[in-house]
> 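Here it is, the structure, as structure tokens.
Counting begins at 1 with the first residue of the sequence.
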Amino acid sequence: MKMPRIRRSNLPTALAILAVVVFCGCETANRQTPEEPEVTPQMGEVAEPEPVPQQEPEPVIEEPKPSPPLVKREKPSLELQAKGVGAKVSRFGEKFWRLEKDDTYLELEEESRRAQLNGIAIYLSQPLKLSQGKWLLSKADVDTVLRPAFLGVEGSVRSRLIVLDPGHGGLENGAKNVDLGLLEKNLNLEVCNRLRTHLEAAGFRVMLTRYDDRILSLADRPEIANREGAGLFVSIHFNGSLNPDALGLETYVVTPAGEASTADETPEGDVSPFPGNAFDDLNFALGMRIQRTMIEKMGREDRGFRKARFGVLKRLECPGALVECGFLTNAGEALLVGTPVYREKISQAIAEAIVSFMEEFPAES
């Protein structure tokens, strides 16, 4: 094939066209070649799959759980308080209530601090009150009367040593009956000596805070018991009053912390806890036992189980009670107190109560 002949006059044009053709061919070749060579998997090799983009999991929305139904609390009431100690409650008369369980019963009077426990007079810390339309006892009376009376008392004394405290002495005569020549300080010492005889016969160690007619401070009396490690302390007294008709027997224990003593309408003085309050339950058991035994054995007027912050009781480091064995200012009772028979009989009654208490709450060692 013959190539066309290019005339000399057309040579520059032809060279230009040829250059364009060569340049364009090179550009095309460069475009078709990838920047990185494609790798073809060999026989037997498996190409890695392209990664699949992870999707964010959709948030799980939990439906709110229904709130439990509100439990409606019962208003505090005497019925609930009785139920708490397993007692049944009933109302009788116009304003009286009775709580009863097995052989134990407590009779209460509305708006009154005076009650009866198994027929023995007892004074509450606060009156039975109407609150939110229902009658109920104070928390203090639930803790220091209701629970120990119906659920019992647990505990023990620290030793078999009993300290007896003859009240007054020396220049402090105490109550007196001039017509009969009776001085309380002498009667207190005689009853304590009789009481010591009965307790030693029962196997107990006994100590007196005074053995003769001497003065002894209120602070010294409980200190003797504390220093000697006594398991029990009992202070013996006879009563006096401006009211000549006042008569009968009383037993005192230390007032619960924060509460009013029996003689006070409201808490007065230092109402903080004293060492003696560590034994409130055992004090209750001791005081009630002495009062009940005296009334049963003596057949005298029951002036009740009472509470007071007496100096000889509040600093004790053991259970303790103060006993009033009769009124020297009552003409009829003073005649009885003036006889050795009466003083022996009341010492026997107190001894019986103490022995019973010490056997129920025996010494730790």
> Under 3.5 Å, is there a donor-acceptor pair linking the side chains of Asp270 and Ser272?
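Yes - a donor-acceptor pair under 3.5 Å links their side chains.
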> Would you call Glu110-Arg91 a salt bridge at under 4.0 Å N-O?
yes
> Kindly state each residue pair satisfying side chain to side chain donor-acceptor pair (under 3.5 Å) with at least one member in residues 221-239, sequence neighbours excluded.
Asp165-Arg221, Asp165-Ser235, Glu184-His237, Ser235-His237, Asn239-Glu250
> Excluding sequence neighbours, so at least two apart, what forms side chain to side chain contact (heavy atoms under 4.5 Å, CB included) with Glu172?
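Glu172 satisfies side chain to side chain contact (heavy atoms under 4.5 Å, CB included) with His168, Ile215 only.
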> Ion pair present between Arg289 and Glu360, side-chain N to carboxylate O less than 4.0 angstrom?
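Between Glu360 and Arg289 there is a salt bridge, with a charged N closer than 4.0 Å to a carboxylate O.
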> Mind listing the closest non-hydrogen atom pair of Asn188 and Gly167 along with its distance?
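What the structure gives for the nearest pair is ND2-O, 3.0 Å.
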> Using a 4.5 Å cut-off between side-chain heavy atoms of Ile, Leu, Val, Met, Phe, Trp and Tyr, which other residues end up in the same hydrophobic cluster as Leu247?
none
> Heavy atoms, side chains only, cut-off 4.5 Å: are Lys134 and Leu78 in contact?
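Heavy-atom side-chain distance check fails, nothing below 4.5 Å.
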> Establish whether Leu108 and Leu136 are linked, either directly or via other cluster members, by ILVMFWY side-chain heavy-atom contacts under 4.5 Å.
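Hydrophobic grouping puts Leu108 apart from Leu136.
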> Does the side chain of Ile295 come within less than 4.5 Å of Leu249's, by heavy atoms?
yes
> With side chains defined as the heavy atoms from C-beta onward, is the minimum distance between Leu322 and Val234 less than 4.5 Å?
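Sidechains of Val234 and Leu322: no contact.
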> If you draw a 6.0 Å radius around CD in Glu111, do more than 12 non-hydrogen atoms from other residues or ligands fall strictly inside?
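For Glu111, atom CD is crowded (more than 12 foreign heavy atoms under 6.0 Å).
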> Please tell me if the side chains of Phe357 and Val157 come closer than 4.5 Å, counting only heavy atoms from C-beta onward.
yes
> Among residues at least two apart in sequence or on other chains, which ones pass side-chain hydrogen bond (donor to acceptor under 3.5 Å, both in side chains) with Glu107?
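Only Arg98 meet the side-chain hydrogen bond (donor to acceptor under 3.5 Å, both in side chains) criterion with Glu107.
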> I need the minimum non-hydrogen distance between Val337 and Leu187, along with the two atoms involved.
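Nearest heavy atoms, Val337 then Leu187: CG1-CD1, 3.6 Å.
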> Check whether any side-chain heavy atom of Phe233 lies under 4.5 Å from a side-chain heavy atom of Leu164, and answer yes or no.
no
> Do the side chains of Val254 and Phe310 get nearer than 4.5 Å, heavy atoms only?
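Heavy-atom side-chain distance check fails, nothing below 4.5 Å.
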> Is the closest side-chain heavy-atom distance between Leu316 and Phe279 below 4.5 Å?
no
> Classify the ring geometry of Phe96 against Phe92: parallel below 30°, tilted from 30° to 60°, perpendicular beyond 60°.
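Answer is parallel, since the angle falls under 30°.
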> Distance check, rounded to the nearest 0.5 Å: Trp97 atom CH2 versus Leu106 atom CG?
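Rounded to the nearest 0.5 Å, the CH2-CG separation comes to 13.0 Å.
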> Cation over ring, Arg306 on Tyr123, under 6.0 Å and within 45°?
yes
> More than 12 heavy atoms of other residues, nucleotides or ligands under 6.0 Å from NZ of Lys176: is that the case?
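No, not enclosed.
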> Scan residues 340-351 for pairs that pass side chain to side chain donor-acceptor pair (under 3.5 Å), counting only residues two or more places apart or in two chains.
Glu190-Arg343, Arg194-Glu344, His198-Glu344, Glu344-Gln348
> Closest approach of Ala334 and Leu328, non-hydrogen atoms and distance?
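Nearest pair, atom of Ala334 first, then Leu328: CB-O, 3.5 Å.
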> Do Met358 and Val355 come within less than 4.5 Å of each other through their side chains, counting heavy atoms only?
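Side chain of Met358 against side chain of Val355, heavy atoms only: no contact under 4.5 Å found.
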> Do Leu282 and Leu151 land in one hydrophobic cluster if side-chain heavy atoms of ILVMFWY residues count as linked below 4.5 Å?
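The answer is yes; both residues are in one hydrophobic cluster.
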> Of all the heavy-atom pairs spanning Arg158 and Ala225, show the shortest one and how long it is.
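That closest heavy-atom pairing would be NH2-O, 3.6 Å.
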> How about Tyr252 and Phe305: are their ring centroids closer than 6.0 Å?
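For Tyr252 and Phe305, the ring centres are not under 6.0 Å apart.
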> Can you give me the closest heavy-atom contact between Thr209 and Ile224, atom names plus distance?
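Shortest heavy-atom separation between Thr209 and Ile224 comes out as O-CD1, 3.8 Å.
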> Test: side chain to side chain donor-acceptor pair (under 3.5 Å). Region: residues 322-338. Which pairs qualify, not counting sequence neighbours?
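Those involving residues 322-338 are Arg300-Glu333.
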> State whether the number of non-hydrogen atoms from other residues, nucleotides or ligands found under 6.0 Å of Lys101 atom NZ is greater than 12.
yes
> How close do Glu259 and Ser125 get, counting heavy atoms only, and between which atoms?
OE1-CB, 3.6 Å
